[in-house]
Structures are given as structure tokens and as C-alpha cells.
Number of protein chains: 2
Amino acid sequence: MTDIRRLAEHLNISIGTVSRALNNRPGVHPETRSRVLQAATELGYVANASGRSLRRGATNTIGFVIETGSPANQAGDNFFYIVTDAMHESLAERGYDLVILPCHSADDPVEYLARLVARGIVDALVITATRVQDQRIALLAKSAMPFLTLGRSETPGEYPWIDLDFHDVARRSVAELVALGHRRIAVALPEKDVNLGQHYRSGYLAGLQAAGLPVDPDLILRVATSEEGGYDFGRQLAALPHRPTAALLCSEATTVGLYGALRNNGIAPGTDVSIITFRENPQLRFLDPAPACFRTSLPELGQEMARAVLDLLGNNGDQARRNHKLWPMTFVPGASVAPPGS
Amino acid sequence: MTDIRRLAEHLNISIGTVSRALNNRPGVHPETRSRVLQAATELGYVANASGRSLRRGATNTIGFVIETGSPANQAGDNFFYIVTDAMHESLAERGYDLVILPCHSADDPVEYLARLVARGIVDALVITATRVQDQRIALLAKSAMPFLTLGRSETPGEYPWIDLDFHDVARRSVAELVALGHRRIAVALPEKDVNLGQHYRSGYLAGLQAAGLPVDPDLILRVATSEEGGYDFGRQLAALPHRPTAALLCSEATTVGLYGALRNNGIAPGTDVSIITFRENPQLRFLDPAPACFRTSLPELGQEMARAVLDLLGNNGDQARRNHKLWPMTFVPGASVAPPGS
DNA sequence: CTGTTAGCGCCTTCAC
DNA sequence: GTGAAGGCGCTAACAG
């Protein structure tokens with residue numbers, strides 16, 4: 001709670017010198033500097049953030065926006081905690097802090113962002129769960145706030161993104177199943193405006209085409225990204241007159257629900273219907289049969305995101321806005337996949 | 001990005017009047033006020049947070065601290081998103097904002113808090129995952145920062161807390177099992193310094209005592225709060241010479257792992273070993289057999305927490321520091337519980 | 001190497 | 001009902 005003035009008085013020197021010493025500015029006698037640093041530690045002095053930001057015109061803080069009201073965020077495991085943990089650590093090495101900015105259910109995400117930008121509490125923003133047409137991106141692109149999106153979008157403009165390679169995951173999943181003899185493969189897609197669904201769908205279609213398989217619209221379903229959504233998907237598959245022998249999930253959150261629905265309808269996951277889900281996580285590992293899925297290092301993803309954001313704030317910010325990164329994932333076989341009719 | 005000066009110039013009035021109009025201060029001509037408000041909306045003016053905080057000495061922001069490096073937070077579902085979502089909404093009604101402050105793996109939680117307090121970016125803090133002896137509480141109690149803990153602690157001092165009633169949940173769980181004829185009931189506790197473990201343990205012991213059952217130390221195990229921890233627990237139970245007929249979990253995150261370990265050892269969850277876990281969540285609902293557990297409304301918990309924090313910042317802050325609330329939970333029967341040897 | 005001073009954006013007191 | 005001015009805590013530019 002001490003301010004810089006009291007610290008200076010305590011040391012009998014001017015606040016200017018104290019400030020220079022604390023901020024590693026040149027032109028301070030080494031002995032003075034060490035006295036200042038020691039006194040700061042003793043008195044628990046930390047610069048007041050408002051004063052510093054006001055003067056510097058920057059907060060040295062990155063905001064990571066999460067819509068806490070979204071069912072997709074309330075389901076599943078704590079993807080974001082792992083990503084932000086690593087991202088935060090990388091940012092800290094460069095003197096930046098990270099805060100998670102939750103946008104609550106009753107608030108409008110676009111207005112929330114507009115307020116954030118104007119209030120100036122962060123130097124850059126990360127937004128997640130991008131839509132095909134995303135007003136948040138349109139807003140940010142018009143503003144002067146540097147931002148990174150986790151997920152692509154068809155919203156026009158030049159902005160940096162990092163995205164998991166949903167296309168390749170889906171394509172690869174189909175290929176794995178086809179190699180075992182599957183020919184009727186269902187897929188659960190999210191709501192239409194969720195951008196990852198576009199890519200997952202295109203990968204699925206590419207996989208079918210590569211195998212010379214026809215597209216059956218009955219096998220392409222849209223469900224909520226939640227346990228309930230997975231259950232829905234399973235029920236709908238069970239009700240199909242000509243049941244598929246395999247199913248793909250573009251979100252691991254739906255896996256448990258799908259297993260439950262199949263079992264409740266007398267269908268054995270893995271035996272009657274092969275399943276490949278999206279991202280490996282600890283919960284999946286103990287499901288029976290263990291689901292085939294895709295692995296990636298979330299800490300590495302967080303580090304990459306930190307790098308991308310820091311690039312935006314560096315000297316080559318303009319160039320950094322053209323940074324695009326497709327994040328690869330590797331297939332993890334599982335007992336949930338078997339030849340059809342086995 | 002407009003500042004108040006430009007807004008005032010645009011309207012040809014002084015910044016003092018603009019400020020008064022925007023902050024609903026008395027003594028502004030109604031017409032002037034409406035002109036100001038309209039111009040603010042048009043130009044997208046929002047007060048700069050640093051300037052305002054510096055002047056007011058308050059940020060109107062509440063910080064919710066989460067240790068993103070903790071395995072317990074990386075496991076399980078998004079408990080905190082649901083709580084903070086409701087809390088945020090309640091706070092917003094009273095003009096407060098909420099930010100989630102992640103403390104990353106490589107950072108020391110106590111130092112992190114000390115920095116937060118000194119930087120003055122929030123008016124109050126919420127800390128979670130309390131320890132039996134919690135240095136964070138000791139630090140905050142010494143500071144002038146109002147704070148609320150989600151979870152109790154034996155750390156001395158007068159501070160407000162809200163805690164789920166772990167004692168009663170454990171006691172009730174034992175009673176349910178005893179009523180069905182169980183006499184050997186195992187329990188998985190977290191590491192010793194995790195405060196909720198103390199209460200869960202005391203409730204477990206109270207339950208045994210009420211039923212006149214002996215305490216078998218072999219049945220009281222400590223495991224990590226994660227899927228792996230649950231798996232560990234199951235393996236250890238399977239290896240016991242005199243196997244229990246029931247098992248209690250003080251964290252739902254361990255449930256899937258326990259099911260997996262039992263099955264891998266030829267033990268049927270629900271039939272061979274009855275299971276009661278902690279908090280109901282969507283993932284559990286689709287496990288087979290569905291685990292008995294305890295239900296509570298996380299949105300209501302979030303609202304209660306918002307109230308507790310706002311009380312701290314109100315006129316009766318001193319009295320509010322004595323607010324303690326034990327949060328009740330209700331039993332949800334499940335197929336994971338059956339009479340022993342059934 | 002150190003002290004002094006201006007001003008970041010805002011709100012509030014005082015004067016009118 | 002409105003304008004002018006000071007100062008919240010800090011850093012950077014300028015004197016010395």
C-alpha cells in the first residue's frame with residue numbers, strides 16, 4: 001500500500017530516482033539502486049497499476065476473453081486453464097501479465113468487448129470460440145486494440161489467428177475408419193455459426209471423397225457441444241433405419257453422453273459403433289472402451305499464443321497481424337475403434 | 001478511444017459537466033445531461049479505467065483468483081465458470097465488474113497475491129481451494145484488501161467465508177450406505193493440507209460413530225484430486241486383503257478414474273462396490289452406473305458470493321467480515337449404490 | 001548521477 | 001447549472 005512518495009521519503013531521495021531505480025533505467029548509482037530495491041522489498045512496494053498505466057499509456061496486461069455463459073465452456077474439461085497457464089508463464093518472462101476476462105450470460109459479447117477496448121485495461125486481447133461471421137472480430141479490427149483469435153473466421157479483415165487443425169483431424173479420422181472397412185460414418189457437428197464446424201465438416205467430406213464413399217446427409221447431424229448433445233447424437237444414431245458403423249465427434253465434451261445413449265439403446269460403443277473423438281484428455285482415458293482421439297500439447301499451444309501476442313506488441317506489429325498458425329494434432333488409437341461387425 | 005476532453009470539446013462544454021452528467025451527479029441541466037449521454041454513446045465513449053481508478057481510489061472490480069497450475073483445477077468440469085458467471089451477473093447489477101486472476105504454475109501464490117494487493121487493480125479478492133494453514137489468508141488479513149474465501153481454513157483471523165458442507169455430505173453418505181447394510185466403507189481424501197479434507201474426514205468419522213461402526217485406518221486413503229487419483233484409489237482398494245463394499249469420493253473429478261480402476265480389476269462399480277461421489281455434474285449423469293452424488297445450485301452459490309463481497313465493500317464492512325456460510329447440498333440417489341453382496 | 005516538474009484521464013471541490 | 005483547477009501515483013523529459 002505504500003506509494004512511491006513515501007518510499008522516496010523513507011530513503012531521503014527524490015521519487016524520480018526511485019522510479020528510475022525500480023524500472024532499471026540507466027543513470028542511477030549502483031549503490032542507490034540497491035538501496036532502493038531493498039527498501040522496496042522491505043516495505044512491500046509495488047507500483048500502483050493505475051498510476052503507471054495512466055502515465056505509460058499501457059498496462060502490460062493481456063486479456064483472455066471467455067464467455068462463461070456458453071454451454072460449451074461449462075462442459076468438458078478445463079482446456080483454457082491449461083492453455084492460459086502456459087501462456088501466462090511465457091508472458092511473465094517478458095514482463096506481461098494475463099487476466100481472464102469473463103463475459104457473463106446476461107451480457108452481450110460485442111458490447112462487452114467494446115467496453116473493454118475503451119476502458120483500456122489491457123494492451124491486447126485474445127478471443128476464443130470464433131464464429132463463421134464474428135461481430136467481435138469486426139469490432140476489434142476497427143479498433144486500435146491488438147488481438148489474437150483462437151480459431152479462424154470468415155469475417156473479413158487481416159488479423160492473426162491460431163487454430164487447431166479440425167480439417168485434418170476429421171479427414172484423418174475418416175481415413176482410419178475406412179482402412180478398417182467402415183463405409184457408413186456419422187459425424188456430430190456443432191451449430192452452424194461455430195467456425196470449427198466448417199473445417200471439421202470439410203475434412204470429413206474430404207475423407208469420404210478420398211475413399212470414394214458417398215455422402216449420406218442423414219449421417220451429418222448437428223448437436224450441442226455438451227454431454228447432453230452427445231447423448232442426443234447417440235439417440236439419433238440409434239433411431240436411424242440404416243445405422244452407421246462409426247461416429248465422429250468434433251468435441252470431446254460429447255463423448256460421455258454418446259457412450260451413455262448408445263448403451264441405453266443396446267448398442268456397444270467400440271464394438272457395434274466405432275468412435276473417434278476430438279481431444280485427448282484425462283477423463284477419456286478411463287472410459288471403457290478408451291476412445292480413439294487426437295493429442296496435442298496445450299502448454300505448447302499456450303506458449304505459441306503468448307509468442308503471437310507479444311509479436312503484435314513488438315516493433316513488427318503490422319507484420320505480426322498476418323500470423324496464421326494451423327495447430328497440428330496426432331492420432332491416438334483407442335479400443336473404441338474396431339472393424340465393422342466385429 | 002475518445003477521452004473525456006474530446007467529448008467535452010465536441011459538445012462545447014467543460015469536462016467537469018460532462019463528468020457530472022455521465023456519473024449521474026446532481027446539478028446538471030436535464031437537457032445537457034441527455035446531450036452528453038447521447039454523444040457518449042455515439043462516440044463510443046467509456047471512461048478510461050486507469051484515470052478513473054487513480055482519481056477515485058477504487059476500481060469497481062472484483063478479482064477471483066484461480067491457481068491454473070493446480071491439478072485439481074485442470075481436472076473435473078468447469079465449476080468456477082458456472083460460479084463466476086452468476087457472481088459476475090450479480091456484481092454487474094451493482095456496478096461492479098469481475099475478472100479472473102490466474103496464478104500460473106511457476107508463480108508463488110502468496111507473492112502473486114501480495115503483488116495484486118499492492119498494484120491496486122481490484123477492490124476485493126476471492127480466493128479458493130483453501131488450505132488448513134493458508135499463508136494467503138494470513139497475508140490478506142494483514143493487508144487492507146477486503147477478501148472472501150471459498151472454503152474455510154484454520155488460519156487464525158477474522159475473515160468471511162463460504163464453504164460447501166463437506167462434513168454433512170460425508171456423514172450423510174455414510175448413513176445412506178449403512179442403511180443398506182454396508183459396514184466397510186472406504187474414503188478417498190485429498191492431500192492433508194487441503195482444508196475440505198478435514199471436514200470430509202470428520203463427517204465420515206461422525207457417520208461411522210453414529211452407526212456404531214469401527215474405524216479401519218486401511219480404508220482411509222489419500223489420493224490426488226484428479227482422474228489419476230481416482231484410478232489410484234481404485235487400484236488400492238482392489239489390492240486390499242479385506243475389500244470394502246463401498247467407497248466415498250470427496251471430489252467428482254476422481255469418479256471416472258475409480259470406475260476404470262475397479263473394472264480393470266474385475267470389480268463392478270455399483271454392484272461389487274457401491275460408490276457415492278461429491279458434486280453432481282453433467283458428465284456423471286452418463287456414467288454407467290450413474291453415481292449417487294450431491295446436488296447444489298452453483299448459480300445460487302455465485303449469487304451468494306457476490307452478496308458477501310458487496311457487503312464487505314458496503315458501509316457495514318466490519319460486520320460483513322464475520323459472515324460465514326455453510327452451503328448445503330442434497331443427496332441424489334444413483335445406480336452406483338446397492339446393498340452389499342447384491 | 002540526481003532533483004524538479006509536467007502531465008497521462010478522470011472526478012470533485014470551489015468559485016461563479 | 002456550469003467552468004476552472006487541483007491532484008490521484010507514476011514516469012519521462014529536462015535541469016543541474
Side-chain angles (χ1 to χ4, degrees), chain A residues 1-37 39-40 43-61 95 97 115-123 144, chain B residues 1-37 39-40 43-61 95 97 115-123 144:
Chain A
M1 277 312 291
T2 332
D3 61 8
I4 200 172
R5 225 185 38 211
R6 267 200 280 275
L7 184 58
E9 280 169 12
H10 175 81
L11 288 159
N12 270 320
I13 53 178
S14 75
I15 59 172
T17 302
V18 172
S19 174
R20 277 189 294 266
L22 292 171
N23 292 290
N24 278 315
R25 287 283 174 283
V28 182
H29 193 91
E31 197 184 318
T32 312
R33 167 164 288 141
S34 66
R35 277 181 60 222
V36 171
L37 293 177
L43 303 185
Y45 172 82
V46 177
N48 174 284
S50 301
R52 170 173 280 176
S53 310
L54 195 53
R55 175 65 236 226
R56 292 222 263 224
T59 60
N60 271 36
T61 301
D97 203 356
R115 258 180 290 138
L116 275 183
V117 169
R119 290 205 297 158
I121 60 173
V122 293
D123 295 345
Chain B
M1 276 315 287
T2 332
D3 61 9
I4 200 171
R5 224 184 40 209
R6 266 200 279 275
L7 185 57
E9 280 168 11
H10 175 80
L11 288 160
N12 269 318
I13 53 179
S14 74
I15 58 173
T17 303
V18 172
S19 175
R20 276 189 292 266
L22 291 170
N23 292 290
N24 276 316
R25 288 282 174 284
V28 181
H29 193 91
E31 197 184 317
T32 311
R33 166 162 291 142
S34 67
R35 275 181 61 221
V36 171
L37 293 177
L43 302 185
Y45 171 82
V46 177
N48 174 284
S50 302
R52 169 173 280 177
S53 311
L54 195 53
R55 175 63 235 231
R56 293 222 263 225
T59 60
N60 271 35
T61 301
D97 203 356
R115 258 180 291 138
L116 275 183
V117 169
R119 290 203 298 157
I121 61 173
V122 293
D123 295 344

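Residue numbers begin at 1 in each chain, while the letters A, B, ... track the order of the sequences. What's counted below: heavy atoms across the whole structure, side chains too, no hydrogens, waters or symmetry copies.
Ion pairing between a basic and an acidic side chain is recognised when a charged N comes within 4.0 Å of a carboxylate O; B/Arg115 and A/Asp97 show no such pairing.
With DNA chain C read from its 5' end, the first of the two nearest nucleotides for B/Val46 and A/Arg55 is the one closest to A/Arg55. The 5' end of DNA chain D is approached more closely, in terms of each residue's nearest nucleotide, by B/Gly27 than by the other of B/Gly27 and A/Arg52.
Among the nucleotides C/dC10, D/dC8, C/dT12, the one closest to any side-chain atom of B/Asp3 is C/dC10. Closest to the A/Asn23 side chain, of the nucleotides D/dG3, C/dC1, D/dT11, is D/dT11. Considering only the side chain of B/Ala47, C/dC10 comes nearest among C/dG3, C/dC1, C/dC10. Closest contact between the side chain of B/Arg56 and the listed nucleotides D/dT11, D/dT2, C/dC11 involves C/dC11. Closest to the side chain of B/Thr17, from the set C/dT12, D/dT2, C/dG9, is D/dT2. The A/Asn48 side chain lies nearest to D/dC10 when the options are C/dC1, C/dG9, D/dC10. Checked against C/dG3, D/dC8, D/dT2, the side chain of B/Val28 finds its nearest nucleotide in D/dT2.
In this structure, B/Gly57 reaches neither bases nor backbone, as no heavy-atom distance under 4.0 Å exists between it and the strands shown. Using a 4.0 Å heavy-atom distance criterion, A/Gly16 is classed as a base contact. Within 4.0 Å (heavy atoms only), A/Ser53 reaches no atom of the nucleic acid at all. At the heavy-atom level, A/Ile13 lies under 4.0 Å from the strands shown only through sugar-phosphate atoms.
At whole-Å resolution of the value, CZ in B/Arg25 and C1' in D/dG3 are 18 Å apart. The interatomic distance linking A/Arg6 (CZ) with D/dC8 (C1') rounds to 13 Å, in whole Å. Atom P of nucleotide D/dA12 and atom CZ of A/Arg20 are separated by 10 Å, given to the nearest angstrom. If you measure from atom CD1 of A/Ile4 to atom P of D/dA12, you get 11 Å, rounded to the nearest angstrom. If you take CZ of A/Arg33 and P of C/dC1, they are 9 Å apart, rounded to a whole angstrom. Between A/Arg5 atom CZ and D/dC10 atom C1' there is a gap of 12 Å when expressed in whole angstrom units. If you measure from atom CG of B/Leu54 to atom P of C/dC11, you get 11 Å, rounded to the nearest angstrom. Computed from coordinates, the A/Leu11 CG to C/dG3 P distance equals 10 Å when rounded to whole Å.
In this structure, A/Leu54 and B/Ser50 approach most closely via the heavy-atom pair N-CB, 4.0 Å. Closest heavy-atom contact between B/Ala39 and B/His10: CB-CD2, 4.3 Å.
You'll find the side chain of B/Thr61 stays beyond 4.5 Å of the side chain of B/Ile121, heavy atoms only. A 4.5 Å side-chain heavy-atom check between B/Leu22 and B/Leu7 finds at least one atom pair inside the cut-off.
Between A/Ser50 and D/dC10, a side-chain N or O to OP1/OP2 separation shorter than 4.0 Å is absent. When the side-chain nitrogen and oxygen atoms of B/Tyr45 are compared with OP1 and OP2 of C/dC10, one or more of them lie within a distance under 4.0 Å.
For the atom pair CG (B/Asp3) and CD (B/Glu9), the distance works out to 8.0 Å, reported to the nearest 0.5 Å.
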